[in-house]
Amino acid sequence: MTKFMWFQLISILLILAVLIGVCVLEDKLVSRALFDVRNYCYQIEEAVDEHDGILNNDVAMLVDNMEDKWFKHEWNLCYMVNHKSIQEIGVEISKMKTYMEEGDRKEFMASLELIKLYEEQYHHFMGASFHNIL
């Protein structure tokens with residue numbers, strides 16, 4: 001093999017390694033963001049069941065923490081996907097805060113279930129895959 005062929009082979013391998021590294025990093029960022037959302041959803045459900053309602057400080061604090069954490073993650077995820085594709089979780093968190101103020105447990109829990117559904121759907125289309133590498 002000539003020097004030029006070795007250079008081409010090394011260049012292709014280097015480019016492939018960089019692409020794989022970027023995809024792995026993307027997958028880790030997405031997984032962490034969505035895991036945090038799922039974890040907060042379960043904590044909120046437990047707090048609502050424990051206090052038998054949504055009008056308490058524990059639930060309010062968990063919703064605020066989930067909102068803060070999501071908006072931090074959402075900022076990073078916007079570099080990877082279109083913002084309009086991932087804004088539903090933020091919208092539902094805002095609705096949850098409104099339902100807490102109104103004391104509407106049914107709608108609050110419906111928004112929480114929607115957040116869990118969106119989280120699951122996002123995990124499918126935002127994760128790294130072999131297709132992304134190519």
Side-chain angles (χ1 to χ4, degrees):
M1 294 178 89
T2 66
K3 286 184 181 181
F4 184 69
M5 291 177 75
W6 279 108
F7 178 74
Q8 285 180 328
L9 180 63
I10 291 172
S11 298
I12 290 171
L13 291 176
L14 185 62
I15 290 169
L16 187 61
V18 168
L19 289 174
I20 290 171
V22 168
C23 287
V24 168
L25 178 64
E26 174 188 358
D27 186 50
K28 294 297 178 190
L29 287 173
V30 167
S31 295
R32 180 181 168 101
L34 297 178
F35 175 77
D36 287 345
V37 169
R38 184 181 329 134
N39 193 26
Y40 274 113
C41 286
Y42 292 136
Q43 289 178 12
I44 291 169
E45 283 179 339
E46 288 175 6
V48 168
D49 289 341
E50 181 181 318
H51 298 289
D52 198 32
I54 60 173
L55 298 175
N56 63 65
N57 288 335
D58 291 340
V59 174
M61 188 171 58
L62 285 169
V63 172
D64 286 340
N65 290 344
M66 181 170 65
E67 181 180 43
D68 290 341
K69 189 73 115 173
W70 173 249
F71 287 131
K72 287 177 186 175
H73 287 305
E74 187 179 28
W75 179 257
N76 292 327
L77 294 176
C78 285
Y79 292 115
M80 294 177 256
V81 295
N82 185 354
H83 179 75
K84 291 185 179 188
S85 299
I86 60 171
Q87 68 184 3
E88 290 95 355
I89 288 180
V91 169
E92 289 302 322
I93 292 171
S94 297
K95 287 181 183 178
M96 284 173 61
K97 293 179 99 171
T98 302
Y99 297 140
M100 274 182 20
E101 291 173 4
E102 296 171 355
D104 192 346
R105 180 180 177 158
K106 182 180 174 183
E107 292 297 326
F108 178 87
M109 295 306 287
S111 286
L112 191 62
E113 290 300 316
L114 276 175
I115 289 172
K116 291 190 315 191
L117 177 70
Y118 291 142
E119 177 269 328
E120 186 177 318
Q121 290 174 349
Y122 292 171
H123 199 74
H124 289 295
F125 83 84
M126 288 196 311
S129 66
F130 189 68
H131 182 267
N132 291 351
I133 294 172
L134 295 177

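In this text, all values refer to a predicted model and were calculated from it rather than measured experimentally. Note: hydrogens, waters and symmetry copies are ignored here, and every other heavy atom, side chains too, is used.
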Kindly indicate whether the side chain of Leu9, heavy atoms from C-beta on, has any atom under 4.5 Å from the side chain of Trp6.
yes
same_hphob_cluster(Val24, Leu16) at 4.5 Å side-chain heavy-atom cutoff:
yes
Is there a path of hydrophobic side-chain contacts, each under 4.5 Å between heavy atoms, that joins Leu117 and Phe108?
yes
For Asp58 and Asn56, work out which heavy atoms get closest and say how close.
N-OD1, 3.1 Å
For residues Arg32 and His73, determine if any side-chain heavy atom of one lies less than 4.5 Å from a side-chain heavy atom of the other.
yes
Rounded to the nearest 0.5 Å, how far does CD1 of Ile10 lie from CD1 of Ile15?
12.0 Å
Quick check: are there more than 12 heavy atoms from other residues, nucleotides or ligands sitting under 6.0 Å from CG of Asp49?
yes
Where do Leu62 and Ile44 come nearest, in terms of heavy atoms and distance?
CB-CG1, 3.6 Å
CD1 of Ile89 to CG of Leu34: how many Å apart, nearest 0.5 Å?
6.5 Å
Grab the two heavy atoms, one from Tyr99 and one from Ile54, that are nearest each other, plus how far apart they are.
O-CD1, 3.7 Å
Over 12 non-hydrogen atoms of neighbours within 6.0 angstrom of CZ in Phe71:
yes
Using side-chain heavy atoms (C-beta onward) and a distance below 4.5 Å, is Leu114 in contact with Glu88?
no
Between Glu45 and Glu113, is any pair of side-chain heavy atoms under 4.5 Å apart?
yes
Is there a path of hydrophobic side-chain contacts, each under 4.5 Å between heavy atoms of I/L/V/M/F/W/Y residues, joining Tyr42 to Met100?
no
Nearest 0.5 angstrom please: Asn65 CG to Asp36 CG, how far?
11.0 Å
Where Val59 and Ala47 come nearest, the two heavy atoms and their spacing
CG2-CB, 3.8 Å
Rounded to the nearest 0.5 Å, what's the gap from OG on Ser111 to NZ on Lys106? Could you check?
12.5 Å
Work out which heavy atom in Arg105 is nearest to a heavy atom in Gly53; give both atom names and the distance.
NH1-N, 3.7 Å
Do the side chains of Met96 and Met66 get nearer than 4.5 Å, heavy atoms only?
yes
Can you check whether Val37 reaches Tyr122 side chain to side chain, under 4.5 Å on heavy atoms?
no
Do Gln87 and Glu74 have side-chain heavy atoms sitting under 4.5 Å apart?
yes
Considering residues at least two apart in sequence or located in another chain, which fulfil the side-chain contact (heavy atoms from CB on, under 4.5 Å) criterion with Lys72?
none
Between Trp70 and Ile115, does the side chain to side chain contact (heavy atoms under 4.5 Å, CB included) criterion hold? Intermediate values first, please.
CA-CA 11 Å; Trp70 173 249; Ile115 289 172; over 6 Å; no
Side-chain ion pair, Lys116 and Glu119, N-O less than 4.0 Å:
no
How about Met109 and Leu112: do any of their side-chain heavy atoms sit closer than 4.5 Å?
yes
What is the distance from atom CG of Asp104 to atom CG of Leu55, rounded to the nearest 0.5 Å?
10.0 Å
